[in-house]
Number of protein chains: 2
Amino acid sequence: MSRRKEFDMTEVLDKATDYFWQHGYEGTSIQDLVQHLGVKAQSLYNAYGGKRDLFLASLRNYVRQSTVISTLEQTASGKEAIVKVFRDLLDDLARSECKKGCFMFNTSVELAPHDPEIAEFIEKERTRSELAYYQALLRAKEQGDIPKRHSDLMALARYLHNAQGGLTVTAKTVSDPSVLEDIAKVTLSIFD
Amino acid sequence: MSRRKEFDMTEVLDKATDYFWQHGYEGTSIQDLVQHLGVKAQSLYNAYGGKRDLFLASLRNYVRQSTVISTLEQTASGKEAIVKVFRDLLDDLARSECKKGCFMFNTSVELAPHDPEIAEFIEKERTRSELAYYQALLRAKEQGDIPKRHSDLMALARYLHNAQGGLTVTAKTVSDPSVLEDIAKVTLSIFD
DNA sequence: GCATTACTTTAATGACTATTCAAGAAAAAT
DNA sequence: ATTTTTCTTGAATAGTCATTAAAGTAATGC
């Protein structure tokens, strides 16, 4: 039929995801992307539409690669699943020098209030995540790891998701890592 | 000496604070400010320096007007102080149609990772807030409202601040208000 | 080999950005 | 009343923004 692309679409999307994640939507210009992805502007427009389309594709790419839900689903012990999610999160936040936080929560702050489509996407992902927490909590209850004072597992799930998101935001300005450890410790004290 | 200003500096600063709070730094142009504050660009530059200076002044203006710390300090019962902070927060989030969240957390996400000066300012404010929580928790402990399983009050303070910030972010995409109520309820179950 | 088709490259577009220049206007000090 | 100082006004500047137009290039199907 015709000429083939000279660049790998998925590789470029990964790079775009990373750049948007780190700099946000307004903080990223097409020229920035051209420089960091090594692809000319016109190629981006041919391949993805416009800046907003590429951003949405990046968001979807991000959630597709996220490991929170799979971790919650795959670990047999419900309590251990949740503990592992928070432990992994703390490790990520400590390791990454560049305070990227969570792409989803970043976008909640930057775009959701003025972009209903993005707000809806984020809300859907949140409920998906809350459901995964809920099912891990169900398992934990069966396994005897939920104290009696907690009867509403869905509320617990929402609470865990909220704490997780808060951590990624708080991490952006925290210099002493023990702050994040304290938060995680108390958050998980629902199991005590 | 000379001519006097035709506009009220504090009134203009309040409007600027509100606009930056709602739209963020990059989402606010000088032209936007000129239109919404009713002050010409040159007057802004004369009075505040540049856009960044005005933004910093707005941030400081915001924390000066925040009621969280004073609520924590003024309520006699430590537990009731903390409960009231969260109740007020839920009321605010439910009332405000325009999902502004918390200016401080918004700025954490948008600017802190690439602006050390702003990151430092936010971190200072966070520790100030955590200290206020801590002192309320101290009172609560004396008043017998802290269960024995919680020994580290500073960790609890950090946890409460984190949950508070998370709520303001989560609120941006939440359509069902019971989500926020659930989160607050479980967050405050540390007292149960 | 040749036409077709899609990709790449370069340059241009027009709108918007923060900031400043220069001139006019008003209030206070003398 | 005049000078001085600061404010206001309107226009200009230089740069960046997302997007597209146009021309060149390479691979495929025939």
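What you are looking at is a predicted structure, and each value in this text was computed from that prediction instead of being measured. Per chain, numbering begins at 1; letters A, B, ... match sequence-line order. Below, all heavy atoms of this structure are taken into account, side chains as well, without hydrogens, waters or symmetry copies.
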To the nearest Å, how far apart are [X] [atom1] and [N] [atom2]?
X     : N      : atom1 : atom2 : result
B:I30 : C:dT20 : CD1   : C1'   : 12 Å
A:L44 : D:dC17 : CG    : P     : 14 Å
B:Y48 : C:dT19 : OH    : P     : 15 Å
B:K51 : C:dT20 : NZ    : C1'   : 17 Å
B:L33 : C:dC16 : CG    : P     : 16 Å
B:E26 : C:dC16 : CD    : P     : 17 Å

### Message
Please determine whether a side-chain nitrogen or oxygen atom of A:Q31 lies at a distance below 4.0 Å from atom OP1 or OP2 of D:dC17.
### Response
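Answer yes for this pair, as a side-chain N or O of A:Q31 is under 4.0 Å from OP1 or OP2.
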
### Message
Please confirm whether the shortest side-chain N or O distance from A:S29 to OP1 or OP2 of D:dC17 is below 4.0 Å.
### Response
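Checking D:dC17 against A:S29, a side-chain N or O does come within under 4.0 Å of OP1 or OP2.
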
Flag for [Y]-[X]: side-chain donor and acceptor within less than 3.5 Å:
X      : Y      : result
B:S29  : B:D32  : yes
A:Y133 : A:Q164 : yes
B:T28  : B:H23  : no

### Any B:D88 side-chain heavy atom under 4.5 Å of B:T67 side chain
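A side-chain contact is absent here, since even the closest heavy-atom pair is not under 4.5 Å.
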
#### Entry: A:Y45 side-chain proximity, nearest of C:dT19, D:dT19, C:dT17
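The closest nucleotide is D:dT19.
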
### Query
Which residue, B:V39 or A:T28, contacts DNA chain D at a nucleotide closer to its 5' end, judged by nearest heavy atom?
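Upstream on the strand: B:V39.
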
#### Entry: Results of ring-ring contact (aromatic ring centres under 6.0 Å, His included) for A:Y62 - residues two or more places apart only
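Partners of A:Y62 under the ring-ring contact (aromatic ring centres under 6.0 Å, His included) test: A:W21, A:F103.
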
### Task
Taking ring-ring contact (aromatic ring centres under 6.0 Å, His included) as the test, write out the residues that go with A:H150, two or more places apart.
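Partners of A:H150 by the ring-ring contact (aromatic ring centres under 6.0 Å, His included) criterion come out as none, since no residue qualifies.
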
Could you go through nucleotides 9-11 of chain D and list every protein N or O atom that sits under 3.5 Å from one of its N or O atoms, giving the distance for each pair?
residue, atom, partner, partner atom, Å
D:dG10, OP2, B:K40, NZ, 3.1

